[in-house]
K.L.:
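Sharing a structure below in structure tokens format, with a few things to ask.
Just so you know, ligand 1 is whichever comes first in the structure, and atom 1 is the first atom listed for that ligand. For clarity, every value in this text was computed on a predicted model and none was experimentally measured.
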Amino acid sequence: MKLNIAVLGGDGIGPEVCAQGVKVLKAIEKKFNHKFTFTNGLVGGSALTAKGVPLPDETLELCKNSDAILFGAIGDPKFEDGNDIKIRPEQGLLKLRKELGLYANIRPLKVFEPLIHKSPIKEKVIKNTDFVIFRELTGGIYYGDKSTNSDGTAASDTSNYSISEIDRIAHMAFKSAKTRRKKLTLIDKANVLETSRLWRKRVKELAKEYPEIAVDYLYVDNAAMKIIINPRQFDVILTDNLFGDILSDEASVISGSIGLLASTSIGEKSVLFEPIHGSFPEMKGKNLANPLATILSTALLLEHFKLYEEADAIKNAVEKSIEHHITTPDINSTKKFAHTTTVGEFISEYIMDKKNILYHVENISLGQSTII
Ligand code: IPM
Ligand code: MG
């Protein structure tokens, strides 16, 4: 298969983890005889520095003309409030989502058996947790009118949702539930917010079209607690933009590290794959960031194009890297942790030549970037 992939590394650790994703996709390309073309584009703080805007036109064009986008992370302390900044790097990502119509952000959460002890939550609580969050991505308070008064003493953000915005992601979530454990939970704040009441009303109506799906409704404060005390009760979570942002970071602690969670953003025109973690600027350039979320995002990319065998090859290799402790310090607290590039190399090599790399595992001098 021929695929044109736009690579937007972004800020902080984004470019480093994306480079590992590309490395792994190149191994897949070789092993399975595909033709992937990678083109880099600037976004976020790095685009602001180079071009004065967080999403240059050429980056948007590149994304529109690509089959898929691999995205790193966005956010740079240089552009934090207090530095008298008018445009923030994050605006690049928000504009990209809107321009490409990426209205559904799908964030699967699974527990990796060998890492279960890394979670701050008890093993018996999180064992076999397996749910997916469908987060609405182009509406709500993120995109409503915003204002600050002239003397900076008051500000407002507005949240808007229309039925059509709710319907399209709700249908997607219901369809996903059909292929899973047939349960959907709408998370909202319908006891307070008008938009949440609309979500609830609509989802109740749409549920009639999916009689095989058990639907329940939770207020977000209550759900935030239940995700921690009984995460196994969830199968498909459907929620709005802001709640989805918050709940997916919360849910990531179940897996032991936010550095493990991948996501797909999908919509009318394009499809984008990214780790759910942020740009982690403190870790930038240290070769210590966990590339697994990005590498697992490349598996989601391949699945999107129905390249299931290829996606499985990546997922198996990731499991092997975890099993053999070829992992970064966030999930490997021993002195023998691996660097970002080493993890990427191990996974690529494992995909290319399983037996050989396992033979070499014993000889790998961890902490060095070259393993063969
Ligand atoms: C995410 C991030 C973004 C968001 C930021 C970087 C704008 O936190 O993708 O979850 O809030 O959507
Ligand atoms: Mg977030």
K.L.:
Using a cut-off of 2.8 Å, find all protein N, O or S atoms closer to the Mg ion (ligand 2) than that distance.
P.N.:
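Only Asp245 OD1 fall inside 2.8 Å of the Mg ion (ligand 2).
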
K.L.:
State if Arg107 counts as touching ligand 1 under the rule of any non-hydrogen atom under 4.0 Å.
P.N.:
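In this structure, Arg107 qualifies as a contact of ligand 1 - some heavy atom is under 4.0 Å.
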
K.L.:
Looking only at N/O atoms, are Asp245 and ligand 1 under 3.5 Å apart anywhere?
P.N.:
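Indeed, backbone or side chain, Asp245 has an N or O that close.
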
K.L.:
Going by the atom numbers of ligand 1, which of them fall below 4.0 Å from some non-hydrogen atom of Glu90?
P.N.:
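Near Glu90, the atoms of ligand 1 are 6 (C), 7 (C).
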
K.L.:
What's the shortest distance from atom 9 (O) of ligand 1 to any protein heavy atom, and which residue and atom give it?
P.N.:
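Checking every protein heavy atom, the shortest distance to atom 9 (O) of ligand 1 gives Arg97 NH2, 2.8 Å.
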
K.L.:
Please assess Glu29 against Lys26 for the test salt bridge (Lys or Arg N to Asp or Glu O under 4.0 Å), listing each intermediate value before the final yes or no.
P.N.:
CA-CA 5 Å; Glu29 184 188 18; Lys26 283 187 174 160; over 6 Å; no

K.L.:
Run the side-chain hydrogen bond (donor to acceptor under 3.5 Å, both in side chains) check on Asp145 and Thr158 step by step: do they pass?
P.N.:
CA-CA 5 Å; Asp145 289 341; Thr158 326; 5.1 Å; no

K.L.:
For ligand 1, which part of Arg135 has a heavy atom less than 4.0 Å away: the side chain, the backbone, both, or neither?
P.N.:
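Side chain only.
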
K.L.:
Heavy-atom contact check, 4.0 Å cutoff: does Arg88 meet ligand 1?
P.N.:
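Judged by the 4.0 Å heavy-atom criterion, Arg88 does not count as contacting ligand 1.
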
K.L.:
Whether the side chain of Arg135 engages the backbone of Asn241 through a donor-acceptor N/O pair (distance < 3.5 Å, no angle test) should be reported.
P.N.:
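Judged by distance alone, yes, a pair lies under 3.5 Å.
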
K.L.:
Report the residue from Asp221, Asn222, Val220 that forms a side-chain contact (heavy atoms from CB on, under 4.5 Å) with Leu218.
P.N.:
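By the side-chain contact (heavy atoms from CB on, under 4.5 Å) criterion, Leu218 pairs with just one of Asp221, Asn222, Val220: Asn222.
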
K.L.:
Salt bridge (charged side-chain N to carboxylate O under 4.0 Å, His left out): which pairs involve residues 228-239, sequence neighbours left out?
P.N.:
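For residues 228-239, and leaving out neighbouring residues, the salt bridge (charged side-chain N to carboxylate O under 4.0 Å, His left out) pairs sorted by first residue read Arg180-Asp235, Arg181-Asp235.
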
